[in-house]
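Supplied in structure tokens, the structure appears directly below.
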Amino acid sequence: MLISASLHLKLKPSAKYSICYFIKHLNSQALAIKNASSPNEALQLFSQMHRQSVPLDSFSMLFTLKSCTHLQNLTVVHHLHSHIFKLGFISHVYVATSLLHAYVITSFELACKLFDELPDRNTVTWNTMIKGYSKCGNVSKAFDVFVQMPLRNVASWSAMIAAYLNGGCLDRGLALFREMVRSEGLKPEQMTIGSVLSGCSHLGSVGLLMGKSVHGFIIKNGWGLNVEVGTVLVDMYAKCGLLKYAFLVFELMKERNVMSWTALICGSAQHGDSKETLLLFEMMQQTGVKPNEMTFTGILSACVHTGLVDEGRKYFNMIEEFGLERRIQHYGCMVDLLGKAGLLEEAYKVIRTMEFEPNVVIWGSFLAACKEHKQFEMAERVIEQVLRMVKPENDGGVFTLICDLYALNEKWDNAERVRKIMLNQNVRKARGSSAMALLRTDL
DNA sequence: CGGATTGGCG
């Protein structure tokens, strides 16, 4: 209905400036963007508004930004930034924070630059920066922000604790958690427990020790096992490889939502038991819980694990049948699945037809499959394009892969060229994140 | 008429 209203507008430009139409149009457009079924649809509505010279309000801007964040496309962010700047929305804290978040996702360097230039910031803005530094592993900078910010809320503490845990500073993370509990006025909410436990999830056996102590903390404080806390516990135990405990906590929970089921599904997928994963998916639906995007990431990765190509295709199509958005991770799984099965042409087609810009992960698994199946011609279609987007200091693995592919096909000049880029930049393969090694650097 | 920012997944 809303869209038809705007189409109607297109047909009758004479009516465009009548006051009644103007107001109705303005409001309905913002809502239409909010309800858009995909980021591209939101963008289309946005540019339609712009083309028709409809004044953009902060809501249209916010909804567009929010919907495009998943695209992880720097060009789109730049485009929206220029609109925001021209319209003076850069001083609108909500809009500015949303834009900052979009930059944190795509290019943290530019996010820092924007943050310095912002005329107005609130707690959420500062929190976004803590998250950003945490994401790129700069714990001390994250702490600088945490100290510097004028006002801290529960989310700020959670973000900082998570930054410590993700950076491997376990004892400082735990100390901050205790300090937060002790300090007046701030009770850890689900979110804090959530970030503490999800931090533990990434740290393997050492994280498990800490996760258990937080679990004990929850029991000691008599907080009980509600859905939220139960779910993060299930997730933590599953990610740390203690699937037995994950099932145990899951059994104890009185109420279970999509997230609880999804944690278990992803855990068992990661564990390599695809039969059980798919069974859990059936059970979940039988209890009337509908899957979300992340559930499908788990299901698809289980298919990748066991090489279930037909099932993978089936579940991939199911995403839209459930009215869900396809995420870049879903495409990543499909490329991985098809590539490993040697169906490189189909994998290539998936990459070319998706609405996302392919990222390094996608190209990496495509090239790895090319190497595995000795399909050099297929690899050569994309290698130069990939070389242009990877950074030697971050994507050492992809460089090695490309070098191997050239060598495999006896293109020695090219292999040598890639090897030289790597040598000049002192490429190391991605830093191993053994929890023990991280702990040692901290002590 | 009102509608809103960070937080989860490799």
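Every chain is numbered from 1, with letters handed out A, B, ... down the list of sequences.
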As a quick check of understanding, evaluate ring-ring contact (aromatic ring centres under 6.0 Å, His included) for A/Trp157 and A/Phe146, giving each step before the final call. CA-CA 8 Å; A/Trp157 286 81; A/Phe146 181 75; 5.3 Å; yes
Of B/dT5, B/dG3, B/dG8, the nucleotide closest to the side chain of A/Ser98 is B/dT5
Quick one: A/Ile161 CD1 to B/dG8 P, roughly how many Å, whole number? 14 Å
When the ring planes of A/Phe281 and A/Tyr315 are compared, do they come out parallel, tilted or perpendicular, using 30° and 60° as the limits? perpendicular
Less than 4.0 angstrom between a side-chain N/O of A/Lys34 and OP1 or OP2 of B/dG2, yes or no? no
Heavy-atom pair with the smallest gap, counting every atom of A/Ala32 and A/Leu45: O-CD1, 3.6 Å
Does any residue of residues 103-131 of chain A have a heavy atom under 4.0 Å from DNA chain B, and if so, which ones, in number order? A/Asn122, A/Val124, A/Asn127, A/Thr128, A/Lys131
So if I take every side-chain heavy atom of A/Leu31 and compare against B/dC9, B/dA4, B/dG2, which nucleotide ends up nearest? B/dG2
Any residue meeting side-chain hydrogen bond (donor to acceptor under 3.5 Å, both in side chains) with A/Tyr245, in chain and number order, not counting sequence neighbours: none
Applying ring pair (Phe, Tyr, Trp, His ring centres under 6.0 Å) to A/Phe322 and not counting sequence neighbours gives A/Phe296
Pairing of A/Glu179 and A/Arg172 as salt bridge, 4.0 angstrom limit: no
What pattern of brackets, bars and dots sums up DNA chain B from 5' to 3', given Watson-Crick or G-U wobble pairs under 3.5 Å, [ ] for crossing pairs and | for another strand? ..........
Got a second to check how far A/Leu324's CG is from A/Glu293's CD, nearest 0.5 Å? 4.5 Å
Is any side-chain N or O of A/His101 closer than 4.0 Å to OP1 or OP2 of B/dG7? yes
Using the benzene-type ring in the case of Trp, are the ring centres of A/Phe115 and A/Trp126 under 6.0 Å apart? yes
Taken to the nearest whole Å, CG/A/Leu300 to C1'/B/dG10 is 14 Å
Reckon A/Lys66 has a side-chain N or O less than 4.0 Å from the OP1 or OP2 of B/dT5? yes
Tell me the interatomic distance from A/His305, atom NE2, to B/dG10, atom P, rounded to whole angstroms. 14 Å
Taking the ring of A/Tyr133 and the ring of A/Phe108, is the distance between their centroids below 6.0 Å? yes
Whole Å only: how far is the CG atom of A/Asn359 from the P atom of B/dC9? 17 Å
Taking the ring centre of each residue, are A/Phe46 and A/His83 less than 6.0 Å apart? yes
Reported CG-to-OH distance for the pair A/Leu62 and A/Tyr94, which is rounded to 0.5 angstrom: 9.5 Å
Of B/dT5, B/dG7, B/dC9, the nucleotide closest to the side chain of A/Ala155 is B/dG7
Please report whether the ring centroid of A/Phe356 lies less than 6.0 Å from that of A/His70. no
Numerically ordered, the residues 247-271 of chain A set in heavy-atom contact under 4.0 Å with DNA chain B is A/Met259
Counting only heavy atoms from other residues, nucleotides and ligands, does the tally under 6.0 Å from CD of A/Gln385 exceed 12? yes
Rounded distance in Å - CE (A/Met294) to P (B/dG8): 10 Å
To the nearest angstrom, the CG-P distance between A/Leu100 and B/dA4 comes to 21 Å
Between B/dG8 atom P and A/Ile193 atom CD1, what is the distance in whole Å? 16 Å
Tell me the interatomic distance from A/His70, atom NE2, to B/dG10, atom P, rounded to whole angstroms. 15 Å
Residues from residues 236-245 of chain A lying under 4.0 Å of DNA chain B - heavy atoms: none
Between A/Lys340 and A/Glu372, is a salt bridge (Lys or Arg N to Asp or Glu O under 4.0 Å) present by the stated rule, with each step listed? CA-CA 8 Å; A/Lys340 279 187 176 136; A/Glu372 172 75 28; over 6 Å; no
